[in-house]
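Here the structure comes first, spelled out in structure tokens, and everything after it is commentary.
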2 protein chains.
Amino acid sequence: MQEQTDPPGEPSPGLVSTAIQAITQHIRSEGLAPGDPLPSEAAMTRQLNVSRTVVREAFRSLSAMRLIDLSAGRRATVAKLDTGAMSMVIEHGITTQQISVQQVYDVRRTIEMRTVALAALRRTKTEAAAIADAARLMRENFKNPETVMEHDIAFHEAIAAASHNPVFSLIVTAFSGVTRRTWVIGWRTRSSDEDQLKMIKGHEDIADAILKGDPRLAAEHMAQHFDKSVKALLDAGIA
Amino acid sequence: MQEQTDPPGEPSPGLVSTAIQAITQHIRSEGLAPGDPLPSEAAMTRQLNVSRTVVREAFRSLSAMRLIDLSAGRRATVAKLDTGAMSMVIEHGITTQQISVQQVYDVRRTIEMRTVALAALRRTKTEAAAIADAARLMRENFKNPETVMEHDIAFHEAIAAASHNPVFSLIVTAFSGVTRRTWVIGWRTRSSDEDQLKMIKGHEDIADAILKGDPRLAAEHMAQHFDKSVKALLDAGIA
DNA sequence: CCTCGAAAACCTGTATGACAGGTTGTTATT
DNA sequence: AATAACAACCTGTCATACAGGTTTTCGAGG
């Protein structure tokens, strides 16, 4: 048993926060990698000298942020990098009107101008093919907006992946949720088939530039794509 | 009482996840703003027909992501946009070696090249003064690395704030934790006082450009700053 | 009628015990 | 040696209890 009878040194921000820190500290100090198991709830309960309630809420919190994976019967394991928490933060900002859709698009533009250039420089052949495939599938399904949207999102995520910097992937993917909620609006403002196909053509131009390995051209096409998308949203009255 | 005896339609990803979704959904559908109160645990317990344990774990999870604020005795309230969750995700990626410090710096460079340009265009006088102050305090305390670092971080966050896009602030602030862990390493490689003062001069140049309202010049100085910082980290052997 | 303060009602934080059901390692049987 | 039953362990959920903190109520006194 421990002898930490809560010395009056700390203002104690709650036992759960302490437990969360203890767990992340454990991951750090043990140098755990994704997939590695964490101590059981019972073990943590003993180690921290608190109730299982507290330990459970700590584990559950980390699971909500996708830092660990929980599943019944099994020990908790260290999680692979996941965009879950970031998505929720962004969504929360949007729904509580602390950030606007246009602000998100500004950030996306900044980031994707870079990912597309990096992708042109670093993409493997497989990645270039995946990007081109997404663009092709947009065209083939262009009568079905929902499907076009999903391939559009996959297109941007594939570019981020081809940048070979997971932090970019993380951020771009976190924005996908916002895209899902606003995409259709932009699509509708492109009333004619011609406009819609022109937008798809823009994606194909980007994919081509990446395949050619021309970062400047790729960035230029990406810039045009974003300018048109933002304009479409503004036309639709999205603040 | 509800009549939702768990129809066998859904594979049920756990009651807690369901509760989390119900709460965020409540925020959305009621159009709640930061500071607005949420239903009590008891109310949620009745509404969802689950135990308080489940509801508590849901609230606690949202609190861990800083989407809501909890405090004893009071109802939970909708939280202001906060970087807590994003920071933890990034830190987790670093400690589990799924992302490298250099990758974080690449993203920072991309983003801050933009925030600094926006700051030059949009900053208020107060913001320009805050940025200049941070640079000044770096110089005044340059014998005390810890203090210099804190003002350095404040400097970059002030620039992000002056971009008037909270999403940029969110991301830049989320990276501050990583900076705190690696900053000293970069500082040490600048062995001489001269080198260290030169680095501080770089910050002052950025502040001046922002004050002048010259986005191009500001971005140029920021680029140089990052190039030197990354070089310092690489020299120190940070992968 | 208004003010002020104390009690009541409500709320969250933490602990404990219980049980269902999933997972894993062990053992006994074939 | 392969396999099937079993035991041990683990997480998911529920019910209950109580200690404090916060808000509301309400009555006493001015």
Let's see if you can work this out: which of [options] has an atom nearest to the side-chain heavy atoms of [X]?
X: Ser40(A); options: dC10(D), dG22(C), dC11(C); value: dC10(D)
X: Glu41(A); options: dA15(C), dG13(C), dG12(D); value: dG12(D)
X: Leu15(B); options: dC14(D), dT14(C), dC10(D); value: dC14(D)

Base, sugar-phosphate, or nothing for Thr53(A), non-hydrogen atoms under 4.0 angstrom?
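Base contact - Thr53(A) has a heavy atom under 4.0 Å of at least one base atom.
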
How are the rings of His156(A) and His225(A) set to each other: parallel, tilted or perpendicular (split at 30° and 60°)?
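His156(A) vs His225(A) ring planes: parallel.
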
For [X] and [N], what is the distance between atoms [atom1] and [atom2] respectively, to the nearest whole Å?
X: Ile23(A); N: dT11(D); atom1: CD1; atom2: C1'; answer: 14 Å
X: Arg74(A); N: dT11(D); atom1: CZ; atom2: P; answer: 12 Å
X: Phe59(B); N: dT14(C); atom1: CZ; atom2: C1'; answer: 17 Å
X: Arg75(B); N: dA9(C); atom1: CZ; atom2: P; answer: 17 Å
X: Leu70(A); N: dT23(C); atom1: CG; atom2: P; answer: 14 Å
X: Arg60(A); N: dC10(D); atom1: CZ; atom2: C1'; answer: 14 Å
X: Met44(A); N: dA15(C); atom1: CE; atom2: P; answer: 15 Å
X: Glu57(B); N: dG13(C); atom1: CD; atom2: P; answer: 13 Å

Does the side chain of Glu127(A) come under 3.5 Å of the side chain of His164(A) through a donor N or O and an acceptor N or O?
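A pair is found: one side chain offers a donor N or O, the other an acceptor, under 3.5 Å apart.
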
Less than 3.5 Å apart, any donor N or O on the side chain of Thr179(B) or Arg108(B) sitting next to an acceptor on the other?
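Judged by distance alone, the side chains do pair up.
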
What about Ser51(B): does its side chain form a donor-acceptor pair under 3.5 Å with the base of dA15(D)?
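Looking at the base of dA15(D), it does not pair with any donor or acceptor on the side chain of Ser51(B) (distance under 3.5 Å).
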
Would the base of dG13(C) count as contacting Arg52(B) through its side chain, where contact means a donor and an acceptor less than 3.5 Å apart?
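For Arg52(B), whose side chain was compared with the base of dG13(C), there is a donor-acceptor pair (under 3.5 Å).
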
Counting just side-chain N and O atoms, does Arg56(B) come under 4.0 Å of either OP1 or OP2 of dC14(D)?
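Negative; the distance criterion is not met.
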
NZ/NE/NH1/NH2 to OD/OE distance under 4.0 Å, Arg109(B) and Asp106(B):
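Salt bridge absent between Arg109(B) and Asp106(B).
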
Take Gln98(A) and Thr96(A) through the side chain to side chain donor-acceptor pair (under 3.5 Å) test and state the conclusion after the steps.
CA-CA 6 Å; Gln98(A) 301 185 69; Thr96(A) 60; 2.9 Å; yes

